[in-house]
Enquirer: 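One structure is given below, represented as structure tokens, and several questions about it will come after.
The figures that follow rest on heavy atoms only: side chains count, while hydrogens, waters and symmetry mates do not.
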Amino acid sequence: MDQTTSDLAYDFRAAEPRWQEAWTKRGCFRAEDRPDGTKPKYYVLEMFPYPSGKIHMGHVRNYMLGEVVARYKRARGFDVLHPMGWDAFGLPAENAARERGIAPAVWTRENIAAMRADLQRVGLALDWSREFATCDPEYYGQQQKLFLDFWRAGFALRRESAVNWDPVDQTVLANEQVIDGRGWKSGALVEKRRLRQWFLKITDFAEDLLAGLDTLERWPERVRVMQRNWIGRSEGAEFSLRLITPVAGIDRVVVYSTRPDTLFGMSFLALAPDHPLAMAVGAANRDAAAFIAECQSAGTSEAVIEAAEKRGFDTGLCVAHPFIAGATYPVWIANFVLMDYGTGAIFGCPAHDQRDIEFARKYGLGVTVVVAPKDEPDLAVTDKAFIGDGLIVNSGFLDGLDVQAAKSRVIAELEARGLGRGVVNWRLRDWGISRQRYWGCPIPVIHCEICGAVPVPEKQLPVRLPEDVAFDKPGNPLDHHPTWKHVACPQCGAAATRETDTFDTFVDSSWYFARFCAPHAASPTDRAAVDRWMPVDQYIGGIEHAILHLLYARFFTRAMHRLGHVGLQEPFAGLFTQGMLTHESYRTEDGRWLYPDEVAKHPDGTATERATGATVIVGAIEKMSKSKRNTVDPSAVIERFGADTVRWFVLSDNPPERDVEWTEAGAQGAFRFVQRLYRLARGVAAEFADMTPLDRASPDQAGGGARALRQTTHRTITAVTEAIEAFAFNVAIARLYELANAAGEAEGKPAMAAARREAVITLIRLAAPIVPHVAEEAHALLAPEQGLVADLPWPEADPDLVRRDRVTLAVQVMGKLRGTIELPLGTDAETAITAALADRKIARALEGATIVKRVHVPDRIVNFVVRT
RNA sequence: GCGGGUGUGGCGGAAUCGGUAGACGCAGCAGACUUAAAAUCUGUUGCCCGACAGGGCGUGCGGGUUCAAGUCCCGCCAUCCGCACCA
């Protein structure tokens with residue numbers, strides 16, 4: 001024992017590194033590459049972190065969820081793969097380079113080293129031998145190979161699309177860098193600019209990605225719903241409308257509608273601002289051009305476009321109705337029509353579409369009801385469109401049909417006349433993967449004036465990112481690099497240039513889980529390793545990734561499957577999405593944000609800055625973020641209280657799917673429990689030393705409550721096991737507290753000593769996945785002959801001790817609780833009701849009333865319905 | 001704006017199926033131990049009336065279904081996540 005601390009306390013400072021070393025030495029958490037085939041596999045993975053520099057409590061919580069699963073599954077006899085790596089490319093490294101002159105590679109490597117050290121102090125059961133970072137050429141080189149495979153297979157293509165262009169900084173901005181339509185640094189109004197970029201054809205997989213959702217039984221329903229809505233399958237009609245006066249050779253406009261049944265309620269046609277016809281009008285009309293330019297300055301983010309006030313510009317053009325001879329409708333350019341969805345043109349039917357009614361009211365356009373609800377045939381639409389089902393009216397050949405029948409009928413009619421057709425449309429768009437940035441995986445393509453876009457030959461991979469780059473100029477440093485991009489064309493040998501765009505970092509995270517199976521394979525994946533470990537049995541991460549990351553990973557896996565890199569379509573068999581970590585934010589009166597440990601809080605609710613004594617404004621509890629400095633550094637807490645305290649606390653109070661607020665008080669509570677666990681073990685060890693061999697052998701002594709304690713112990717095994725399986729770690733912890741309380745109450749009672757020892761040993765082993773260090777320390781006091789807790793199997797409950805023979809029933813009168821009765825399990829209705837009526841309190845509650853109905857739910861409740 | 005969540009004591013939360021609301025923890029209060037403090041232990045703690053017994057109210061708000069609603073249905077409010085170049 002460490003002599004420097006009080007012999008009363010568990011010394012985590014000495015114990016934690018010692019046990020961490022013991023696990024590493026034994027290779028406890030190394031996943032077997034060559035298993036003997038006797039154990040089932042279990043792959044548990046948390047979304048790998050971006051190396052921002054320091055871990056925060058949110059990371060610890062995320063990794064603790066996987067941690068408990070990993071240690072628990074290991075104890076249940078699985079070969080567990082639980083790896084760690086780094087999602088290392090991205091914008092923050094470039095921002096650091098521009099702001100502080102640190103090279104992105106250096107900044108990233110330093111951050112990784114610091115975060116790795118932080119994570120290792122937590123004592124996680126990770127297989128560090130498989131660690132890699134996406135910025136390792138070994139990894140991104142294989143990614144380049146994958147991309148070229150995709151390209152050859154027709155999954156990749158180049159086409160134009162819009163980006164946010166900052167005219168002052170001469171650079172492309174991410175959506176988060178556009179604030180109120182302006183560049184975050186320059187403040188300049190952002191323009192939409194069209195660039196030729198690489199896309200992956202995720203839309204080719206739309207049907208399959210949608211169908212696959214139904215097989216993901218261990219995914220949260222809400223994530224599946226979000227993905228389903230995102231993919232957005234819709235059936236509708238695509239058809240053309242004739243322009244009365246052609247413009248620039250355009251004589252018709254193709255529209256898409258999911259409600260072709262409302263075609264007779266049309267009152268206008270609306271074009272996306274970047275629709276070819278709108279552009280043609282803009283070329284000839286300055287006012288139109290000004291309106292289009294205004295729409296262009298809104299940025300590319302859908303949220304901004306959709307939330308903006310609906311506005312339009314009347315082009316003065318008209319289109320003819322396909323079925324009503326002589327009827328014409330004005331053509332507008334509207335800011336809420338998206339070029340990327342459908343055909344970029346819609347017909348407006350205000351009576352039955354909310355956006356259209358708002359637009360029509362604003363600009364005085366007509367409103368014709370063509371669907372009448374069955375219970376309200378004379379519907380009048382004012383400000384709220386009617387979008388429900390009903391019977392078609394005012395619609396010629398569609399009159400009297402319901403919505404579904406009218407859709408089929410109108411499509412048939414459009415097809416018969418050669419005007420259009422029924423189509424399935426997707427909200428999902430192809431995935432644009434080009435980024436005009438330095439710190440990412442280079443796209444392995446060479447542009448030759450003669451041969452066009454040429455793949456970099458495989459033997460020249462990886463295309464390495466040069467590290468001698470300068471950030472003194474705006475724009476992409478790869479573009480400015482003196483030599484990097486100048487190469488000979490691999491096909492014809494002429495002077496050519498490299499693609500200077502890099503991949504979206506979502507590409508990096510779309511296949512890393514497959515790479516962990518064989519992180520140093522010479523091909524993107526090692527099929528034998530992938531077949532052994534995939535799918536990920538339990539994937540864990542933030543709900544903020546519900547759509548993009550998870551959808552891209554599912555798409556990538558399908559594409560890799562078609563090319564034989566993996567043998568399955570769905571990468572994640574089970575998914576758990578965790579909530580965020582929150583904390584109060586603090587700022588001084590002059591507006592500086594302060595870290596929580598710079599603030600002294602006072603009992604009266606006020607707070608001051610420790611350094612200066614200045615008044616501190618206590619702000620809202622919100623998501624921990626660096627900018628607001630409301631983060632709590634786990635390393636400091638580990639230093640003070642130990643890793644087990646942090647581990648216990650991040651799981652103890654909250655259901656993992658919900659947000660948590662970090663509080664100092666909670667941390668101290670967790671610290672006390674860790675100490676108490678050790679004290680319990682020490683007390684039991686001392687008692688046990690004094691026991692006779694006979695007493696030791698018979699934990700189930702008559703009387704003295706020993707059997708009751710044993711029942712608690714074995715019921716706790718069941719309850720904790722179920723809670724862990726259900727990801728209800730906070731409930732598991734509550735049950736562990738109860739067992740600790742029960743064991744504590746048995747202290748000093750010789751008749752219960754053996755039962756108490758069983759309780760404490762069980763408690764330690766059940767708590768071990770959460771607080772493994774103190775568990776090892778305590779277990780070594782009680783049963784050193786059994787070796788490491790990390791190597792022990794999970795405790796098994798004795799069914800005989802779990803079973804209950806008596807239950808408490810609630811007795812209600814008119815649904816209000818009036819008493820309880822205790823009965824043998826499985827008591828029949830008649831006996832239960834008789835027992836209830838015999839109860840003094842119930843009898844009094846029933847005085848003077850006539851019982852009209854008796855309800856009995858076996859082993860649960862008796863309810864009397866009465867009349868007075 | 002659209003899509004998806006969440007809302008229960010002073011606080012975090014618990015409550016397979018609709019069946020004793022508030023498990024467990026934190027904080028508080030009272031007490032024991034101590035010269036004292038810390039640590040530890042015991043009791044108590046949803047709100048209101050009541051000395052007790054007991055009674056009333058109570059799961060964001062408003063309705064509804066049911067013998068019975070935190071749980072199911074309808075309508076609101078607040079708040080969080082995502083919206084395709086933050087990761």
Enquirer: Report yes if a donor N or O on one partner sits less than 3.5 Å from an acceptor N or O on the other, where the partners are the side chain of A:Arg735 and the base of B:A23; otherwise report no.
Expert: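 Side chain to base: pair present.
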Enquirer: Starting at atom CD of A:Glu176, determine the distance to atom P of B:C83, rounded to an integer number of angstrom.
Expert: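 That distance rounds to 10 Å.
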Enquirer: Check whether any side-chain nitrogen or oxygen of A:Asn730 sits under 4.0 Å from OP1 or OP2 of B:G25, and answer yes or no.
Expert: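 No, outside the criterion.
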Enquirer: How far, in whole Å, is B:U65 from B:U71 if one measures between their P atoms?
Expert: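 That atom pair is separated by 15 Å.
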Enquirer: Can you see if the side chain of A:Lys816 gets near the phosphate of B:C57 - specifically, an N or O under 4.0 Å from OP1 or OP2?
Expert: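 For A:Lys816, the contact criterion (side-chain N or O under 4.0 Å from OP1 or OP2 of B:C57) is met.
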Enquirer: Mind checking if A:His549 touches a base, just sugar-phosphate, or nothing, with heavy atoms under 4.0 Å?
Expert: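 Touches nothing.
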Enquirer: Starting at CG of A:Asn654 and ending at P of B:U6, how long is that distance when rounded to a whole Å?
Expert: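 For the pair A:Asn654 CG and B:U6 P, the rounded distance is 15 Å.
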Enquirer: For B:A14 and B:A53, measure between their P atoms and round to the nearest Å.
Expert: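 That atom pair is separated by 31 Å.
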Enquirer: How would you label the glycosidic angle of B:C17: syn (within 90° of 0) or anti?
Expert: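 Glycosidic conformation of B:C17: syn.
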Enquirer: Touch check for A:Pro655, heavy atoms < 4.0 angstrom, all strands: base, sugar-phosphate only, or nothing?
Expert: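 Sugar-phosphate, no base atom in range.
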Enquirer: Would you indicate what A:Leu428 reaches in the nucleic acid, counting non-hydrogen atoms under 4.0 angstrom: base, sugar-phosphate, or nothing?
Expert: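 Touches a base.
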Enquirer: Which listed nucleotide (B:G25, B:G54, B:G55) is nearest to the side chain of A:Arg818?
Expert: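 Of B:G25, B:G54, B:G55, B:G55 is nearest to the side chain of A:Arg818.
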Enquirer: Pair A:Tyr140, A:Trp511 - check ring pair (Phe, Tyr, Trp, His ring centres under 6.0 Å), show working.
Expert: CA-CA 11 Å; A:Tyr140 71 68; A:Trp511 69 286; over 10 Å; no
Enquirer: Using OP1 and OP2 only, check whether a side-chain N or O of A:Arg429 sits under 4.0 Å from B:A84.
Expert: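 For B:A84, neither OP1 nor OP2 has a side-chain N or O of A:Arg429 closer than 4.0 Å.
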Enquirer: Under 6.0 Å between ring centres: does that hold for A:Trp86 and A:Phe48?
Expert: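 Aromatic pair excluded; centres sit 6.0 Å or further apart.
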Enquirer: Can you tell me, in whole Å, how much space there is between the P of B:C29 and that of B:C47?
Expert: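 It works out to 15 Å between them.
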Enquirer: Are A:Asp166 and A:Ser186 close enough, and set up right, to give a side chain to side chain donor-acceptor pair (under 3.5 Å), and what steps lead you there?
Expert: CA-CA 8 Å; A:Asp166 185 322; A:Ser186 68; 2.6 Å; yes
Enquirer: Compute the centroid of each ring, for A:Phe576 and then for A:Tyr539, and state whether the two points are separated by less than 6.0 Å.
Expert: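 No - the distance between ring centres of A:Phe576 and A:Tyr539 does not fall below the 6.0 Å cut-off.
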Enquirer: For A:Gly232, which contact category applies under a 4.0 Å heavy-atom criterion: base, sugar-phosphate, or nothing?
Expert: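 It contacts nothing in the nucleic acid.
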Enquirer: How would you label the contact of A:Val178 with the nucleic acid (heavy atoms, under 4.0 Å): base, sugar-phosphate, or nothing?
Expert: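 Contact class for A:Val178: none.
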Enquirer: Can you check the distance between B:C26 and B:G13, where both ends of the measurement are the C1' atom (answer in whole Å)?
Expert: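 My reading of the C1' atoms in B:C26 and B:G13 gives 11 Å.
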Enquirer: Give a yes or no on whether the backbone of A:Trp198 and the side-chain of A:Ser434 come within a donor-acceptor separation of less than 3.5 Å.
Expert: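 Yes: the side chain of A:Ser434 pairs with the backbone of A:Trp198.
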Enquirer: In whole angstroms, how far is the C1' atom of B:A27 from the CG atom of A:Asp653?
Expert: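 Whole-Å distance recorded here is 12 Å.
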Enquirer: Is the distance from OP1 or OP2 of B:G7 to the nearest side-chain N or O of A:Arg658 less than 4.0 Å?
Expert: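 The answer is yes; a side-chain N or O of A:Arg658 sits under 4.0 Å from OP1 or OP2.
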Enquirer: State which of B:A84, B:G19, B:G54 makes the closest approach to the side chain of A:Arg860.
Expert: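 Of B:A84, B:G19, B:G54, B:G19 is nearest to the side chain of A:Arg860.
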Enquirer: Would you say B:C85 has OP1 or OP2 under 4.0 Å from some side-chain N or O of A:Arg193?
Expert: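 Indeed not, no polar side-chain atom of A:Arg193 lies that close.
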Enquirer: Could you measure between the two P atoms, the one in B:C48 and the one in B:G10, and give it in whole Å?
Expert: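 Going atom to atom, P in each nucleotide, I get 9 Å.
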Enquirer: Quick check for you: among B:A87, B:C24, B:C41, whose closest atom lies nearest to any side-chain atom of A:Tyr737?
Expert: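 Given the options B:A87, B:C24, B:C41, the side chain of A:Tyr737 is closest to B:C24.
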Enquirer: Relative to the 5' end of RNA chain B, which residue comes earlier, A:Val731 or A:Ala307, by the nucleotide with the nearest heavy atom?
Expert: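 Nearest-nucleotide comparison on RNA chain B picks A:Ala307.
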Enquirer: Taking the same atom, P, in B:C85 and in B:G19, what whole-Å distance lies between them?
Expert: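 Approximately 46 Å lies between the P atom of B:C85 and that of B:G19.
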Enquirer: Between A:Val857 and A:Glu738, which residue's closest nucleotide on RNA chain B lies nearer the 5′ terminus?
Expert: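 Its nearest nucleotide lies further toward 5', so the answer is A:Val857.
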Enquirer: Can you check whether A:Phe649 and A:Phe671 have ring centres sitting under 6.0 Å from each other?
Expert: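 Centroid separation for A:Phe649 and A:Phe671: 6.0 Å or greater.
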Enquirer: Scan every strand shown for a Watson-Crick or G-U wobble partner of B:A23, both distances under 3.5 Å, and answer none if you come up empty.
Expert: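 No nucleotide pairs with B:A23.
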Enquirer: What is the separation between atom CZ on A:Phe729 and atom P on B:A23, rounded to the nearest whole Å?
Expert: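 A:Phe729 atom CZ is separated from B:A23 atom P by 23 Å.
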Enquirer: Side-chain donor or acceptor of A:Arg854 under 3.5 Å from a matching atom on the base of B:C67?
Expert: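 Result: no qualifying N/O pair found.
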Enquirer: How close or far is atom C1' of B:U40 from atom CZ of A:Arg676, stated in whole angstroms?
Expert: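 From A:Arg676 CZ to B:U40 C1': 11 Å.
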Enquirer: Which part of the nucleic acid does A:Asp87 contact within heavy-atom distance under 4.0 Å: base, sugar-phosphate only, or nothing?
Expert: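 Sugar-phosphate: the residue A:Asp87, judged by heavy atoms under 4.0 Å, touches backbone atoms but no base.
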Enquirer: How close do A:Arg61 and A:Val650 get, counting heavy atoms only, and between which atoms?
Expert: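 Distance-wise, the nearest heavy atoms are NE-O, 3.5 Å.
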Enquirer: Using only heavy-atom distances, decide whether a donor-acceptor pair under 3.5 angstrom links the side-chain of A:Gln197 to the base of B:C85.
Expert: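 Indeed, a donor on one side and an acceptor on the other fall under 3.5 Å apart.
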Enquirer: Once you apply a heavy-atom cut-off of 4.0 Å, does A:Ser301 come out as touching a base, just sugar-phosphate, or nothing?
Expert: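 Sugar-phosphate only.
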Enquirer: With a 4.0 Å cut-off on heavy atoms, is A:Trp230 in touch with a base, just the backbone sugar-phosphate, or nothing at all?
Expert: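 Counting heavy atoms under 4.0 Å across all strands, the contact made by A:Trp230 includes a base.
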Enquirer: How far, in whole Å, is B:G22 from B:G55 if one measures between their P atoms?
Expert: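 Their P atoms lie roughly 16 Å apart.
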Enquirer: Give the rounded distance in Å between these two atoms: CH2 of A:Trp219 and P of B:G4.
Expert: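 Nearest whole value for this atom pair: 17 Å.
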Enquirer: State which of B:A87, B:C86, B:G56 makes the closest approach to the side chain of A:Asn175.
Expert: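 From the listed options, B:C86 comes nearest.
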Enquirer: Across the strands shown, which category fits A:Phe864 at heavy-atom distances under 4.0 angstrom: base, sugar-phosphate, nothing?
Expert: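 No contact at all - A:Phe864 keeps every heavy atom at 4.0 Å or more from the nucleic acid.
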Enquirer: Between B:U20 and A:Thr820, is there an OP1 or OP2 to side-chain N/O distance shorter than 4.0 Å?
Expert: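 No.
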Enquirer: Check whether NZ of the Lys or CZ of the Arg A:Arg159 lies under 6.0 Å from the centre of the six-membered ring of A:Phe199 and within 45 degrees of that ring's axis.
Expert: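 Pair A:Arg159/A:Phe199 counts as cation-pi.
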Enquirer: Out of B:U20, B:G82, B:A23, which nucleotide sits closest to the side chain of A:Ala734?
Expert: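 Per side-chain heavy atoms of A:Ala734, the pick is B:A23.
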Enquirer: Mind checking A:Ala546 for me? I need base, sugar-phosphate or nothing, with any heavy atom below 4.0 Å counting as a touch.
Expert: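 Answer is nothing: A:Ala546 stays at 4.0 Å or more from every strand.
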Enquirer: Taking the P atom of each, how far is B:G62 from B:A69, in whole Å?
Expert: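 Pairwise P distance, B:G62 against B:A69, rounds to 16 Å.
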Enquirer: To the side chain of A:Glu722, which of B:C81, B:A23, B:U16 is closest?
Expert: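 Closest nucleotide among those given: B:U16.
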Enquirer: What is the separation between atom CG on A:Leu195 and atom C1' on B:C85, rounded to the nearest whole Å?
Expert: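 The distance from CG of A:Leu195 to C1' of B:C85 comes to 12 Å, rounded to the nearest Å.
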Enquirer: Out of B:G82, B:C86, B:C67, which nucleotide sits closest to the side chain of A:Val855?
Expert: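 Side chain of A:Val855 sits closest to B:C67.
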Enquirer: Can you tell me if A:Glu160 uses its side chain to pair, donor with acceptor, with the backbone of A:Arg196 under 3.5 Å?
Expert: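 Answer holds: no.
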Enquirer: So, under a plain 3.5 Å distance rule, would you say the side chain of A:Gln436 forms a donor-acceptor pair with the base of B:C85?
Expert: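 Such a pair exists between side chain and base.
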Enquirer: Describe the nucleic acid contact of A:Val172 in one word from base, sugar-phosphate, nothing, applying a heavy-atom distance below 4.0 Å.
Expert: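 It contacts base atoms.
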Enquirer: From the options B:C24, B:G82, B:G3, select the nucleotide whose nearest atom is closest to the side chain of A:Asn741.
Expert: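 Output: B:C24.
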Enquirer: What are the two closest non-hydrogen atoms of A:Ala732 and A:Ile724, and how far apart are they?
Expert: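 Residues A:Ala732 and A:Ile724, closest heavy atoms: CB-CG1, 4.4 Å.
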Enquirer: What is the glycosidic conformation of B:G9: syn, defined as within 90° of 0, or anti?
Expert: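 Syn conformation for B:G9.
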